[in-house]
Every structure is written in C-alpha cells, then in structure tokens.
Protein chains: 6
Amino acid sequence: MKILAVGPHPDDVEFGCAPLLIQEIRRGNHAKILVLSKGEASTSGTPEERAEEARAAARTIGAEIDFLDLGGDCHLRHSPESSIMMARQIRLYRPDIVLAPNLDENQHPDHTAAGRMMRDAARLARYSGLEEIRGLPAHSIGHLYFYSITQSFGAQPDIVIDTSPVEKEWEAAMLCHQTQMKTKAYIDLVRARAHFLGSAIGTQSAIGLWINDPVRVESISDLLLSSRNY
Amino acid sequence: MKILAVGPHPDDVEFGCAPLLIQEIRRGNHAKILVLSKGEASTSGTPEERAEEARAAARTIGAEIDFLDLGGDCHLRHSPESSIMMARQIRLYRPDIVLAPNLDENQHPDHTAAGRMMRDAARLARYSGLEEIRGLPAHSIGHLYFYSITQSFGAQPDIVIDTSPVEKEWEAAMLCHQTQMKTKAYIDLVRARAHFLGSAIGTQSAIGLWINDPVRVESISDLLLSSRNY
Amino acid sequence: MKILAVGPHPDDVEFGCAPLLIQEIRRGNHAKILVLSKGEASTSGTPEERAEEARAAARTIGAEIDFLDLGGDCHLRHSPESSIMMARQIRLYRPDIVLAPNLDENQHPDHTAAGRMMRDAARLARYSGLEEIRGLPAHSIGHLYFYSITQSFGAQPDIVIDTSPVEKEWEAAMLCHQTQMKTKAYIDLVRARAHFLGSAIGTQSAIGLWINDPVRVESISDLLLSSRNY
Amino acid sequence: MKILAVGPHPDDVEFGCAPLLIQEIRRGNHAKILVLSKGEASTSGTPEERAEEARAAARTIGAEIDFLDLGGDCHLRHSPESSIMMARQIRLYRPDIVLAPNLDENQHPDHTAAGRMMRDAARLARYSGLEEIRGLPAHSIGHLYFYSITQSFGAQPDIVIDTSPVEKEWEAAMLCHQTQMKTKAYIDLVRARAHFLGSAIGTQSAIGLWINDPVRVESISDLLLSSRNY
Amino acid sequence: MKILAVGPHPDDVEFGCAPLLIQEIRRGNHAKILVLSKGEASTSGTPEERAEEARAAARTIGAEIDFLDLGGDCHLRHSPESSIMMARQIRLYRPDIVLAPNLDENQHPDHTAAGRMMRDAARLARYSGLEEIRGLPAHSIGHLYFYSITQSFGAQPDIVIDTSPVEKEWEAAMLCHQTQMKTKAYIDLVRARAHFLGSAIGTQSAIGLWINDPVRVESISDLLLSSRNY
Amino acid sequence: MKILAVGPHPDDVEFGCAPLLIQEIRRGNHAKILVLSKGEASTSGTPEERAEEARAAARTIGAEIDFLDLGGDCHLRHSPESSIMMARQIRLYRPDIVLAPNLDENQHPDHTAAGRMMRDAARLARYSGLEEIRGLPAHSIGHLYFYSITQSFGAQPDIVIDTSPVEKEWEAAMLCHQTQMKTKAYIDLVRARAHFLGSAIGTQSAIGLWINDPVRVESISDLLLSSRNY
C-alpha cells in the first residue's frame, strides 16, 4: 500500500499525521510526504534550513519526500490549476491513501487550500481526457482522510488511531524541526491534543482523522477496536 | 462475536439491518433480535401474526429473537426506566455490537425512542452499582451503530456495507412480514434506498450506518475497501 | 415564464434536472440550457461529439441550448469575472427561474463552481452600474434552485417534484449522451436516486431541489400537494 | 381546506400565526385553534380571563377554538400519551394543514413539547390499530408547518408569507390578550420580527414558517412569488 | 454575585467547572453546588462516602453545597416536575449565574437531563403564577452557561477561561473524590482536556463553556482578553 | 484601543456596525474605517459621490477613513494577494479589534470575500517572514468580530450590544449616504433588524456580532449584562 501525505509547510505532516506514516512503514507499506512550500514566511528558519529539517524528519519516519513550488508559503491557492498539479502528483505516485489538511476555514489559509486541492485532485486524477496530465495514466485513490495540524479547537474526529506505540518516533520526527521550536509552542499543542484524544480512548496518545467519504467495510465485525471509554 | 439488533416493531430489524446480521452469521458470529413491541397499532396484522412473522424472519436470518413489553406499539418512551431495562438486556446477552434505530426525530416516535434507549443503555450497562440490575455483571459493548428503517430522506451515512452477496436472503427475511405487504410499500422504499446506496459505491445494493463514537482502527491501512465511486 | 438551467458539462442538466424543463415546456413555458464546457476532460467522447449529444438532448427536451467557454472542463473557477459573465447571460435571457448545480463541495469541482457563479450572478445581474455589463438592462430573477447531478449521498431536499409523468422523456434525454454510457453507470445512479425519492413520496420517481431563499407563497393553502408518505 | 393551529397557551396562536388563519378564512377555508392550557402560570390574568381573551381573539379571527387539559401551563409533556391525545384531535377535526410551535429547545418548554406532540401525532393519526383512538377513522394530514412564538433569535425560515394585507386584523387578535400587555412587551417583539421579515422581502410585514417535510409542487412554475429582495 | 453550579453526581462540578467557582469566591462572590444524586450507581464508593467527598470538595472550593433527591443516580428525568423543582432551587438561592452540564446527548444521560432541567428551570423561575412555587418570589437569572464533564470529544467552546491561577486548588477539589480515583481515569481526562485547551490559548490550563444566549456587553472594548494564539 | 472596521462598499460599515465605532470613540478609543471599493457598480451615485458620502459619515462617527482599490465594486476576490494586502493594512494601523463582514455565502459576494480576507489577514499579519510586508513589524490583533450588512435572514448572533444610546448618531451616519436612499430601502431593513434585536434583549435597538474565536474572560462574573429577556 502507498500513502501520500500532503503538507503545505515543511513541518505540517510531522505535527499532523506522522505517527500514521510511521505505523504504515513498520507494516511494510510505503509513504511519501509532499511539501507545498518551504515555509518562506515563517518567523524562524530560512527556506533552506526548513527544507533540510523536513528531509531529516522524512528520513526518521522512513518516507520519501518531495517539494513543490506553488508560489511559496502563504500563497497557496485552491484553483483548477493547483488541483490539476496535485492530480499529476497523484498519477505519479499512485497512492492508495491520501492524507491532507482538514477543510476548516479558520486556520492558516494554506492548510485549507491544500485540503481543498487534494480533495479535488483525487477526483481529477480519474479523468482520462484532462489535457494537462494526459500523458500519465488515470488513477483512482481508495481513501482520502483529513488530518489536523495546529488547530486548537474542533469537532469530534470520525476515526481515531492509538499513537502510543510510535510516540517516541513521532517525537523524534517533530524535533527535527528545530527552527520551529523557538517561536510558538506548536509541539506542546500537538502533544496536548494527542494526549487528550488518547485519554479519551484509554491510551497514552491518539490521532483523529476526518473522512470525506463513508467508511466502507465488508462486514461490521471487521471493526474490532472500540473507541468507547467513557 | 455477538450482535444485538434492536427493533421497536416486529419488522424493523428486517427492513433496516437484516443483511448485516446475515453476513455476520455466515462468518460464524451470533446475532439476537430484540423486538420492543408486537406492532399492535398497525393497520394490518394482529400482534400474534406479527410476532410469528418476526420469528419466521429470525429463523431465515439465523438469529435468536426475543420480545419485550414496554407498553406496546406507539408507546415506547425514552426514560431512565426503559434505558435500564435495555441495559439489563445488554448485560444478559453481552453483545460486542449493538444495532439500534437512528436518532432522527422526524420518524415513527418509537424508532427515535428505541435509539435513545439503546444509546443510554450501552452506558448504564457499565455501572456496577445500578440497583435494578446489580445481579448481572457489568458489560461494556464495543460498538453502537445506528441504522435507518423507513426514513425517506436523510444524511450521508458514516459507514457503508455492500449487501449484494446477501440480497436474496434479505429479501426472504423481509417477505416473512406478509401482513405488512398489504399496506404501504415499505419494502419498495427499502429496496430503492439499498439500490441507490449500492449504485453510489458501485454494487447492486448497500446499507448505511451512523456512528455514535469515532471508528477506531489500529492503522489506516486496515480499511481496505473504498466507497469512492463517483 | 422562462427557466435558465445551467450545467457545467454537456450532460449535467439532463442527468440533474431535465424532467423539470420538460414539465415546464409542456405547460407552455420556455427553457434554455447553458453549458459551461464541452466535457473536454472526459474519458469517452470528443468535445464535438459531446456538444452534439447535448444539442440532441435539448431538442428532445424542447429547450434552447447555448455553450460558453470558461476555460474548459475541469477549469471552471468561481471568481468575480466568471460571475459577471453569468450575470450577462442572465441579463440576456432574463429568466424567471435559474436552476444551478448545488453547492456541496464534495463533488466534481466544476459543479460547485457553477453553483456559486450562478448564485452570485443572480445578484450581480441587478446592479445597474456594473461596468462589464452596463449595456444590458438590469434583471432580477424570481427564483434560484439548486439541483443535484451525480452526487451519491446527500441531505433532504427542500422541494420535491414527481417526475413520473415525464419519465420516458427524461430517459430519452439522458440516452442522447451515448458516449457517457460507456464508462461509469451515471444513468443508473440517477435512476436509482429518482426511484428512491419517488418511493419516498409515493410516486414512480421524483427529483429534489434545494432552495437559496425561503419559498414565498401568498397563503399556505397554495401548497396543495403533500410529500408525507411515511 | 381545514387548518388546525395548536398553541400551548391562550395567546400563542395569536402571537405566532394568526395572520395565516385570517388569510385562509378570507379564502373560504376553515380554521380551528386548539389551546393546550389556560396560561395558569402567567404573571397576569386568571385562567378564566385568559381563556375568555382567547375566545374573543378566535372570534376576531373567525376560527373555532377548543381547550384541552394536559396538566396546565408549564406542565406540557411530550410523551406517547400526549401525542396520542393529539392524534385523537387530528382524527376529530381531520385537518389538511397543522400549524404547531417550532421545535427549538431554547424557548418556553411548553412550546417545544407542543411542537413535538403534534409532529408525532400527525404520524400516529394514520395508524388504524392504535387502541386508544381506534373508534375514530385514521387520518393523514397533508402538511405540518412550524411557527415561532416569542423567540428572539433564530434561523432563516423555509417559507415566508406577506402579512401586510391582514395586519390590522392580526393586531386586533393580539390585542384581545389585554392581560398579557401588562407584563413583557411580547407584542412589540412580534411586531418587530414581522416588520423585519417583511422588510427582507419588500413588504410591510411577514411571517416565517419551518417545514417538517419537503415542499412538494407539481412543477416549479407553481411557485410564483419571490422572496428575493436584497 | 451568586453562582449556582449544578452537578448530577457528587463529583461532576469538581471535574467540570470547579476552577470557575474558586475564582469567583476569591473575588468575593458566592457559590453553591447543587448535587442531584449521591452517585448510587457507581462502581466504587457508597452514597454516604460520595456525599462526604463532595462536602469535603465544597469546603476546599469555599462553596455551599446541597443535595437533592430526584430518584437517584441514573434516574434523572427531564420533565415538567423536575424542571419546576429546579426552578424552586433557583428562587431559593437567587443566583446571577447558573452553571449546568452541557446538552450533548452522547454522554451520561443524567448529564443531559440536568442540563435540560436547568435550562427550563431558569425560564420557569420567572413565571409568577406557577402554582408549585408560588410562595417564592419570581427570579430572573442573568446568565446560563453549560460546562463539560467527562466528554471526550466535542465542539469549540463559546467562552474560554484560563484556569492556571487556580490549578492547585482545582486539583485538590478533584482529589477529594478518592473513591472515583480507583476506576476510570476521569481525572486524567479532565487534566488532559484542560491542558489542551490551555495550550490553545497560551496558558497552562483552561476551561471552556457553551452559551445558551448571546453574550451581551456594553461595548466591544469590554472584552479585553484574547483567545487568539495560533 | 484601536478598532479597524472593514467595509467592501462605501456604506457597509455605516449600515452594519457604525454604532459600535461611535460607542468606542465616545470612550476615548480610536477607529478607522477601511473601504475596499467606491461602489462603482451601484445603481445610484457616482464613485466620487459615494466616497464623499463615506467621508462625511466617517466625520460624523469620528473615525479615520481610507479607501483601497482591489479592482472595484463586485470585483473583490479572496486570494493570497488580497489577504496579504489586508495584512499590510493591519500592520499599518495595528488594531486591537477588527470588524469584518460575516462569512455567510448567500449575500453580496464582495461581503463574503472581505470577511474571508480579513480572517486570513489577521493571521498573516503575524508571520514575520512574509516577503510582501516584511518591512512592517508583525502584529497580532486581539479580536476578530463579524458583523452583518443587509442580510435579511440569519443565525443567532454570539454577542449582542445595545445601540439605543447612540441611535441618533447611527441614523445620522447612515443618512450621509443619500444616493443610496433612492433605491432599495436598505436603511429600513437595518432599522428593522436593530429594532427586532433590541426588542429581544429589552432595549430600543441592538446589534449582533459573530465570533471567530472563543470569547475569553478572566472570570465569568466579568460578563455583567444579560441578554435574557424572554
């Protein structure tokens, strides 16, 4: 199985969904991180430093990594052109699962834009006649899930996953982003959210995802784990 | 694994979620249908006839069946007493999964009441000190899912399941309720909904469920099937 | 009365709201289909074939048809410019009713974009001073309704209309799009949805619409038909 | 056509939906006001005075009026028993349209209870076998609409109706409730809301309704009036 | 100023909103905790032990405490009678602010019932004529806020309050409930939630509240503190 | 304290939130109105006349005023570029509070675009590295509130403010826009809404705001005024 995790800035995948990639890679699956800017607008860290931190984090995780230029940090735009660019990335990597920032509008505008691009790209990648990407064979992904980056409040997730078994690896991946440790306490917010969600399901930490399409199972007994703790 | 499917009237489980029970029983799991009235208020069929039809349907499905008296058809009431009665049923059968009518208020009031009772019962069944049911050991279910009976409109389900492999058996279970075939075309509505949902995911027919708690998986690659068809 | 039905691709109006046009034309009203691309990205059918199919369908329906170029299939963009282009179309045709794709974001991005353009265009068409379209007299439409194309799940419609009397004509209009019959079973999804909605109100088939503004009636007894069936 | 308007207290129908009754009666239709308490808990006015005021208002409107005892003001309870009592009233009067207080929970609890009772009653009235009311032939209403009483904030209505042509008669009906003019300025809130809603659609005053079921029309051109003003 | 905090079980106020009471008491305001059961159904702790723990916690907080009998733990019922009982409590204590469990249905049913009772009671307490409580002068509270007890997921709060200055006192109040420390890790969930919310606004810990009515201020510059941190 | 009120057209701030500015200026605070077009598309009034009217209104209110060119009336576009332009304005004026049009999509598209721009701009203004505005020191606003312009229906506001003390001044500010008095009765809609909202909280008139972030207070007793009137 192949997972494509998209982050608008060099640390978004690490803060938002790295443990899921770590788990999949442990299982023998493949993951690629696609970063849509080099964090050019951030208070700390040059674009080069930030890209290098992201590469180090990807190595820690065990994932491929690639950078795209969509105009730079704070300039992501949900448009036919950017969605088609992302559809091309889907056709190139041919993932089974796509992980994208959630669609909530009240967050960094690049996050929302990236989420919308990927939602539309997952559809466009299927249309054979689309001129800009006609050279690459059409591809249908199996799943699109949305993750949360530094959002501080928010709705109940549709899916939860225990991240306790990979907490150390997650921490290591986040800590690769040393330039970001100087300013806001992003990592503390992420840890607090993971610990809160974990305590809700009875584990040390957890991550929540939001679905775009209904979860499909062959039979309800395929869902063995329970999130009922209180 | 044990599944407890609760229906306020003798045909609700058959119309609403029978294919799920059929699939589980085929897999070697166990299912029990709990009927909360004998359809005493219906236009066609005596309570005795209706109970007999339900028993025949349960045999077709391969499930146990039991009837409770909560005041009769059109008299279900969501209250501490009725929720505790249902908690007792949960402690007696000790299911892993509970299937209950969804909570939408704009439907037969017995449906909503039954859904609420089961939601609360699943919680109360865990409290050891609850006097009325202290004799029975506390029990925590793993999952509570809501199904839809004869609702004609409605929101996107959280979970979908292909019912094509058991269509014939589902049909047979519904047709056990011959007295109900005389009045409203309930079975046609159910078939039309299943066919619509199926065509949405690329199968002959499908059923949708609504979740009460987040779906929990060990890793996202555990969800193999996709509901992305358009 | 004049109805303007807008479809992003050559078959959207036929799949989504053709029966409403057929009914209005039977009553002596006028309808125009405005198509915003030639389906250039589709897997089957050339732009020329698809336009020809749409023209044939329009003849079957009895409606005028026109094509606009907004950058082609998969390139529709909700922007001031595109909304003003649509406002021009409204001023040219001067419809009483506008039918546009609904605004749900989880569908083909062209559908959402077209719905938003028409919602804004219906407002802009009223502003006399708008430079790009100052040559055409301002026009206020009476109604804006949203229809659903190939969405597979979705919320309860605000308005329902029995389409049984025009089922054959609807089918004929859809079948004009022969190139689209080769790939996905769009027509089956549309039929299944119409049949499900119909069975909900007690007819063979039905279509649902979503409102942008409250329905206004002179007196509640003006609404004679009932959608209460279950 | 027959309209049944249900109000939990003696002035609710007058404050909430009287103009609709006045319009229908002018058109030759029939209306009945069903009052579910005598306002026993109010700060001003004895139950006898309040019932007398309601009778005077009903005469002004031209409607029949009846009082039921469900335990008195502040004691309405949504339960199988009360819903069946209301189903009996529906079978007795056999209305085409039922008007009930809306279901918002953040208002006088009697309002919410009355709305829920009527919603369920409209369903129960159809079930022939329901023992308590077996003597009366089953009845299916055509429409259930919810109106707003003294709610001060709230969502966009689904239906709007110009009440300018009957403003004087509405005012007269409200003023019959002289005991209620002493305390809170209910009438001012009602007038302000009607004027606000009217100015939104370009009339002197208006009333909004909420639907329980989709509006069904034969053809969209049946809806002639527009609520688009801004 | 007087605050009435209502908890269905002996530890709910401590887990859910104790820091707000501690802060108010420090400012010279008065607080009363009203407990609606003695936790008779819990797995650990006798009713006597649990009441004693609650009394100890109230002393720690500096609040009055009172116990009511509404049928016991797991038997709370939202009904006219229970709402009137609570209206009596409001008239007796005459609070400016009422704190009640939030209205989410997916939690311990006693929590939802208590929230609904208090919402309705705050209204009923104003009606002079209400027979059961006619002896006590009517009272209008100024504010009703909802707090969260052990809910594990949920929507963005409307109001947030930094609880860092009283963290030690809050901890002490929670730890009074020693019998509850044996079973589920309630206190860990509460701490994790407070820490997560705190990290979202840039403090050590925080509590969120939900409003029933719009917040009213004289001028927007009255709101000095900001919750914008990310 | 400094307040920045943003209006897409020359009269939006006056119709939508002028009384809040008047109140703040009375208290010694400072306000600036930022107008994003000159109403070039309106039926009455030239751009010059409209700008002059806005300047007169600003003098009446006591606020600074500035005009920006973002492409003109009906051409506002929510994009990275326009959000960065607004972030520059935030860095230049360094407000504590930003007032922007609400985000409802069903209104003049410029209103929605302006609301979204300001929401994103308030975030971007904090990022030191953002190239286009690197010359200006980063700034974090304290509060972002959304106001309503000529929307005719809508959801309950999160915050309400009595505007009776400044009604005359508000009226004077609105009347500066003489060219707009000729066409639609905008001022009547605004008055009706203010009067309705006022009657809901027991004052002559009121304005409602919507929040982007939770309201943060030090202690709940800081909120002294109540909006509970019915």
Side-chain angles (χ1 to χ4, degrees), chain A residues 76-91 98 100-106 109 111-146 158 209-216, chain C residues 8-12 36-51 53 69-83 85 101 103-117 149-155 177 179-180 182-186 189:
Chain A
L76 296 199
R77 188 189 314 267
H78 171 232
S79 69
E81 287 76 22
S82 62
S83 299
I84 294 171
M85 272 185 73
M86 293 302 129
R88 172 189 304 277
Q89 296 298 319
I90 288 175
R91 288 200 182 169
V98 171
N102 71 45
L103 303 173
D104 191 296
E105 290 210 24
N106 189 18
H111 298 178
T112 321
R116 289 174 168 169
M117 274 179 220
M118 294 316 299
R119 182 198 57 212
D120 290 350
R123 220 173 274 274
L124 299 180
R126 282 187 348 227
Y127 302 138
S128 302
L130 190 48
E131 200 179 357
E132 290 90 332
I133 54 174
R134 214 180 270 160
L136 296 161
H139 177 71
S140 291
I141 67 161
H143 304 273
L144 169 61
Y145 301 119
F146 298 113
D158 300 309
L209 293 176
W210 286 263
I211 56 177
N212 191 58
D213 316 287
V215 167
R216 181 171 163 197
Chain C
H9 309 107
D11 53 357
D12 290 335
L36 308 186
S37 82
K38 293 198 170 152
E40 295 85 352
S42 55
T43 307
S44 312
T46 65
E48 294 68 35
E49 286 170 332
R50 300 211 56 195
E53 289 174 347
D69 186 350
L70 283 100
D73 187 1
C74 295
H75 290 77
L76 297 198
R77 189 188 313 267
H78 172 232
S79 70
E81 288 74 23
S82 62
S83 298
M85 270 186 74
L103 303 172
D104 191 294
E105 290 211 25
N106 189 17
Q107 58 177 331
H108 192 306
D110 286 347
H111 298 180
T112 320
R116 289 175 168 169
M117 275 180 218
I149 301 171
T150 48
Q151 272 160 301
S152 19
F153 313 103
H177 295 279
T179 60
Q180 301 312 297
K182 295 168 192 166
T183 41
K184 289 262 157 164
Y186 290 123
L189 178 66

Enquirer: Rounded to the nearest 0.5 Å, what's the gap from OG1 on T112(C) to CZ on R119(A)? Could you check?
Expert: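 Answer rounded to 0.5 Å: 6.5 Å.
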
Enquirer: How close do C74(C) and Y127(A) get, heavy atom to heavy atom, and via which atoms?
Expert: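 For C74(C) versus Y127(A), the nearest heavy atoms are SG-CD1, 3.9 Å.
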
Enquirer: Sorted by first residue and then second, give each salt bridge (Lys or Arg N to Asp or Glu O under 4.0 Å) pair with at least one member in residues 73-83 of chain C; sequence neighbours left out.
Expert: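 Salt bridge (Lys or Arg N to Asp or Glu O under 4.0 Å) check on residues 73-83 of chain C returns E81(A)-R77(C), E81(C)-R77(F).
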
Enquirer: To the nearest 0.5 angstrom, please state how far the CD atom of E40(C) sits from the CD atom of E131(A).
Expert: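 One gets 9.0 Å once the value is rounded to the nearest 0.5 Å.
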
Enquirer: Answer with side chain, backbone, both or neither: which region of H78(C) has an atom nearer than 4.5 Å to a non-hydrogen atom of chain A?
Expert: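 The answer is neither part of H78(C).
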
Enquirer: Nearest 0.5 Å, please: how far is CG in L124(A) from CG in D110(C)?
Expert: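 Reported to 0.5 Å precision, the distance equals 8.0 Å.
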
Enquirer: Would you mind checking which part of L103(A) comes under 4.5 Å of any heavy atom in chain C, side chain (CB onward), backbone (N, CA, C, O), both or neither?
Expert: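 Neither part, no heavy atoms under 4.5 Å.
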
Enquirer: Who are the side-chain hydrogen bond (donor to acceptor under 3.5 Å, both in side chains) partners of R123(A), not counting sequence neighbours?
Expert: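 So R123(A) forms a side-chain hydrogen bond (donor to acceptor under 3.5 Å, both in side chains) with N106(C).
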
Enquirer: Drop me the distance from N212(A)'s CG to E105(C)'s CD, to the nearest 0.5 angstrom.
Expert: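 It is 10.5 Å, given to the nearest 0.5 Å.
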
Enquirer: What is the minimum heavy-atom distance between L76(C) and P80(A), and which atoms define it?
Expert: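 Heavy atoms of L76(C) and P80(A) come nearest at O-CG, 3.3 Å.
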
Enquirer: Check I84(A) against H75(C) and note the closest heavy-atom contact, atom names and distance.
Expert: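 Closest approach of I84(A) to H75(C): CD1-NE2, 3.4 Å.
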
